[in-house]
Amino acid sequence: QVQLVDSGGGLVQAVGSLRLSCAASGSIFSIDTMGWYRQAPGKQRELVARSFRAGSTIFADSVRGRFTISRDNAKNTVYLQMNSLKHEDTAVYYCNALEGTLQRWGQGTQVTVSS
């Protein structure tokens with residue numbers, strides 16, 4: 001089974017930047033898709049960005065142009081570089097990986113953007 005550990009959250013001011021990291025361990029050879037979701041208070045968990053092993057990426061409309069997802073396949077690590085942060089980006093961010101048909105999740109890391 002794949003295990004995910006995400007980290008890098010914190011408190012920043014608007015227009016600041018953060019970089020989140022997610023390290024995978026376990027049955028890492030079964031991983032293809034990795035990505036990031038977030039959940040703000042009172043809202044459903046939503047997709048932020050997704051990275052495919054072949055190199056393609058997708059982004060939510062709300063973060064496109066501000067966030068970048070990158071992946072180091074050799075290190076089994078995915079990153080989310082968040083720039084020009086807004087107060088609306090405040091949420092718990094969760095790393096995600098698809099192992100077969102099962103979703104695997106990190107424990108979540110809090111990102112808080114002050115106004």
Side-chain angles (χ1 to χ4, degrees):
Q1 180 177 318
V2 171
Q3 293 85 43
L4 304 175
V5 179
D6 42 26
S7 61
L11 173 64
V12 298
Q13 293 184 334
V15 310
S17 298
L18 282 174
R19 187 194 191 203
L20 306 183
S21 300
C22 175
S25 62
S27 303
I28 57 177
F29 300 128
S30 64
I31 298 175
D32 183 19
T33 303
M34 295 188 69
W36 293 90
Y37 288 70
R38 68 185 181 186
Q39 187 166 17
K43 295 185 177 180
Q44 299 290 334
R45 187 173 299 187
E46 64 176 350
L47 174 68
V48 177
R50 189 182 302 279
S51 173
F52 300 89
R53 190 174 185 89
S56 61
T57 58
I58 58 173
F59 295 91
D61 290 341
S62 59
V63 308
R64 188 175 293 109
R66 299 187 298 119
F67 291 9
T68 301
I69 188 169
S70 60
R71 187 170 175 177
D72 187 337
N73 289 321
K75 302 297 183 183
N76 303 303
T77 302
V78 66
Y79 305 92
L80 185 69
Q81 178 67 47
M82 304 185 293
N83 299 323
S84 301
L85 283 163
K86 305 174 180 179
H87 178 69
E88 303 93 279
D89 295 317
T90 296
V92 178
Y93 285 70
Y94 297 89
C95 182
N96 167 268
L98 184 63
E99 181 183 9
T101 61
L102 300 177
Q103 298 285 341
R104 306 300 188 189
W105 299 95
Q107 80 283 359
T109 184
Q110 176 71 48
V111 173
T112 303
V113 184
S114 62
S115 59

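If you read the sequence from its start, that first residue is 1, and numbering goes on from there.
When side chains are defined from C-beta on, Arg45 does not count as touching Asn96, because their heavy atoms never get closer than 4.5 Å. Phe67 places a side-chain heavy atom less than 4.5 Å from the side chain of Leu85. Side-chain atoms of Gln110 and Leu11, non-hydrogen and from C-beta on, never get closer than 4.5 Å to each other. Counting only heavy atoms from C-beta outward, the side chains of Asp6 and Leu4 never approach each other to under 4.5 Å. A 4.5 Å side-chain heavy-atom check between Asp32 and Leu98 finds every atom pair outside the cut-off.
Taking hydrophobic clusters as Ile, Leu, Val, Met, Phe, Trp and Tyr residues chained together by side-chain heavy-atom distances below 4.5 Å, Val12 shares a cluster with Val48. Tyr94 is connected to Ile58 through a chain of hydrophobic side-chain contacts under 4.5 Å among Ile, Leu, Val, Met, Phe, Trp and Tyr, so both are in one cluster. Both Phe59 and Met82 belong to a common hydrophobic cluster when Ile, Leu, Val, Met, Phe, Trp and Tyr are linked at side-chain heavy-atom distances under 4.5 angstrom.
Between Trp36 and Leu47, the shortest heavy-atom distance links the atoms O-CD1, 3.7 Å. In this structure, Ser70 and Val78 approach most closely via the heavy-atom pair O-CG2, 3.1 Å. Ser84 and Ser17 make their closest contact through N-OG, 4.3 Å (heavy atoms, listed as atom of the first residue, atom of the second, distance). A pairwise comparison of heavy atoms in Gly8 and Leu18 identifies O-CD2, 3.9 Å as the closest pair.
Taken to the nearest 0.5 Å, the CD1 atom of Ile31 stands 7.0 Å off from the CZ atom of Arg71. Within the model, atoms SG of Cys22 and CD of Gln107 stand 8.5 Å from one another, a figure rounded to the nearest 0.5 Å. Note that the OG atom of Ser114 and the CD atom of Gln13 stand 4.5 Å from one another [nearest 0.5 Å]. Interatomic distance, Leu80 CG to Met34 CE, rounded to the nearest 0.5 Å: 12.0 Å. Distance check, rounded to the nearest 0.5 Å: CZ of Arg50 to OG1 of Thr57 gives 11.5 Å. In this structure, Gln3 CD and Glu99 CD are separated by 8.5 Å, a value rounded to the nearest 0.5 Å.
Side chain of Glu46 to main chain of Gln44: no donor-acceptor pair is present (N/O by atom type, distance under 3.5 Å, no hydrogens or angles). Checking side-chain atoms of Gln1 against main-chain N and O of Ser27 turns up no donor-acceptor pair under 3.5 Å.
In this structure Arg66 satisfies the salt bridge (Lys or Arg N to Asp or Glu O under 4.0 Å) test together with Asp89, sequence neighbours excluded.
Ring-plane geometry between Tyr37 and Trp105 is classed as perpendicular, the angle between the planes exceeding 60 degrees on a 0 to 90 degree scale with a lower cut at 30.
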